[in-house]
2 protein chains.
Amino acid sequence: MTARTPDSARDIPEATVARLPVYLRALTGLAEDGTTTCSSEELAATAGVNSAKLRKDLSYLGSYGTRGVGYDVEYLRYQIAREIGVTQDWPVVIVGIGNLGHALANYSGFRSRGFRVVALLDADPSRHDEVVAGLDVRSFEDLESIVAEHDVSIGVIATPAVAAHAVAERMVAAGITSILNFAPTVLSVPDGVDVRKVDLSIELQILAYHEQRKAVSPGSEDVS
Amino acid sequence: MTARTPDSARDIPEATVARLPVYLRALTGLAEDGTTTCSSEELAATAGVNSAKLRKDLSYLGSYGTRGVGYDVEYLRYQIAREIGVTQDWPVVIVGIGNLGHALANYSGFRSRGFRVVALLDADPSRHDEVVAGLDVRSFEDLESIVAEHDVSIGVIATPAVAAHAVAERMVAAGITSILNFAPTVLSVPDGVDVRKVDLSIELQILAYHEQRKAVSPGSEDVS
DNA sequence: CTCGTTTTGTTCTCCCGTTCACAAACTCCT
DNA sequence: AGGAGTTTGTGAACGGGAGAACAAAACGAG
């Protein structure tokens, strides 16, 4: 079943992919502190995971450590960055410049990690004279030309829920193949398009569930 | 091993807990459309999951459906809301009123789902004269008194990374037992305190990884 | 050169979650 | 009343990830 792509077919488990950015950040922190070498134990502690899990995760990328010594911080950092793809620059479009869109446009963590916001779009004409984070807010009608011009493949949806699906469809039609969706809606997209969803109120509801259980049966919390 | 809490010990799997809010939202949507009854197939399609998984998830709560008929939308909605705990009101404190804090304070999805923002705190005195979403931005020094006054158990951290850990420790000391962390930092907290992390740039990096793989070997995307 | 120490990379086992498949149960029609 | 058609709830197989444990490899001391 896995014999479609014979070489370079390192199919890294999804759970590992989700942790690689965490390791990347931990390594950046170590590098800034002047650390040049670290053991899996140290790095795992910094990243907040088990050291065995960390070593297994890294082993999917290759053998970048030295037994008896550890990992070279800068070297490993580059290898992970290359594997994720953040050594190159990813142009990003943000649609929906409300409160959340503002925050995302101004978020410095994107730029510093290889993501460049190339355009801010909003369907509301009254927002089009605004300048946010040094960029003009432009009409949603400009989506296609912007995507074509900057070769954008990643789009961020920060619109109200009702608008999200129409925005997603038009993004896909324009050639975008990865969507980060902040609207509380289920998006159905064609195969080949990836969607990740961030839902703020769902996170709070999960916390509320556990909080409620703490109140009912205190002490049965730290079992797992 | 499971015989610690004899009754009411419905230990709902974590994966199921994370989906219950999704079902809740789907049911609310159906109810607004005037639907009074739905099958697991319909609800699953609305929520974007497999129908067998939906039925198994719901079975952890009890038998709230009718064979041959389906589920009563309003009844099931109430049961899930009660299980999660969103039938009651949860007071919430937000610390760090920058761009993201603004967006969170104004987010209407919290209020409509049983969460009430009772205070906005920031360490920067120059922000203390601001009014955001109808609330005064107050000093972080007021944390303890606010938590005590409103019986707050949920805190949201929207500060820069460097401040996050100190904020978390003080929250825990003040009596908060659930934290939603937007800062890109690993928080270590005592047992009994739940932390959920939302990291915007990590989500984008995961998308970038898949995007990069699409470019290298197109077609090996829709395997899984 | 050899031996002991350290740390990685990997194997093995266990557990959680997903999915299939089917029996139980309910409704509707004749 | 009885049978056909639906839909839930659940038992069982399956796959993937987490963690423990260990062998392989590198370094340093004597």
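The model shown is predicted, which means the values in this text are computed figures rather than measured ones. Order of the sequence lines fixes the chain letters, A, B, ..., with proteins taken first and strands second; residue numbering starts at 1 for each chain.
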Engineer: Give one of base, sugar-phosphate or nothing for A:E14, where a contact means two heavy atoms less than 4.0 Å apart.
Structural biologist: sugar-phosphate

Engineer: When the distance from CG of A:D72 to C1' of C:dT8 is rounded to whole Å, what number comes out?
Structural biologist: 15 Å

Engineer: Say whether A:D199 and A:S201, considering side chains only, have a donor N or O and an acceptor N or O under 3.5 Å apart.
Structural biologist: yes

Engineer: So for A:K56 and C:dT10, does any side-chain atom that can act as donor or acceptor lie under 3.5 Å from a complementary atom in the base?
Structural biologist: no

Engineer: What do the steps show when you test B:Y209 against B:R213 for side-chain hydrogen bond (donor to acceptor under 3.5 Å, both in side chains), and what is the final call?
Structural biologist: CA-CA 6 Å; B:Y209 169 81; B:R213 295 206 48 165; 3.1 Å; yes

Engineer: Using whole Å, report how far CG of A:L61 lies from C1' of C:dT10.
Structural biologist: 15 Å

Engineer: Tell me if a side-chain donor or acceptor on B:E32 pairs with a main-chain N or O of B:G29 at a distance below 3.5 Å.
Structural biologist: no

Engineer: Could you please name the option among C:dT27, C:dT18, C:dT8 that lies closest to any side-chain atom of A:S40?
Structural biologist: C:dT8

Engineer: Among C:dG9, D:dG9, C:dT18, find the nucleotide with the atom closest to the side chain of B:K53.
Structural biologist: C:dT18

Engineer: Rounded to whole angstrom units, what separation is found between the CD atom of B:E42 and the P atom of D:dT6?
Structural biologist: 14 Å

Engineer: Would you please confirm or rule out a distance under 4.0 Å between OP1 or OP2 of C:dT8 and any side-chain N or O of A:T66?
Structural biologist: no

Engineer: What is the separation between atom OH on B:Y60 and atom C1' on D:dT10, rounded to the nearest whole Å?
Structural biologist: 10 Å

Engineer: Determine whether B:R19 and B:T16 make a side-chain contact, defined as any pair of heavy atoms from C-beta on separated by less than 4.5 Å.
Structural biologist: yes

Engineer: Would one find a side-chain N or O of A:Y71 under 4.0 angstrom from OP1 or OP2 of C:dG9?
Structural biologist: yes

Engineer: By nearest nucleotide on DNA chain D, pick out whichever of A:G68 and A:R19 is the more 5' one.
Structural biologist: A:R19

Engineer: A:E41 has an atom CD; how far is it from atom P of D:dA21, in whole Å?
Structural biologist: 14 Å

Engineer: Please determine, for the side chain of B:N50, which listed nucleotide (D:dT10, C:dC20, D:dT7) has the closest atom?
Structural biologist: C:dC20

Engineer: In terms of side-chain heavy atoms of B:R55, which of D:dG17, C:dT18, D:dG9 is nearest?
Structural biologist: D:dG9

Engineer: Measure from CG on B:L54 to P on C:dG17 and round the result to the nearest Å.
Structural biologist: 16 Å

Engineer: Quick one: B:Y64 OH to D:dT10 P, roughly how many Å, whole number?
Structural biologist: 12 Å

Engineer: Taking for each residue the nucleotide of DNA chain D bearing the nearest heavy atom, is the 5' side occupied by A:P13 or by A:R67?
Structural biologist: A:P13

Engineer: Can you check whether A:I12 reaches A:E83 side chain to side chain, under 4.5 Å on heavy atoms?
Structural biologist: yes

Engineer: I need the CG-P distance between B:D57 and C:dT18, as an integer number of Å.
Structural biologist: 7 Å

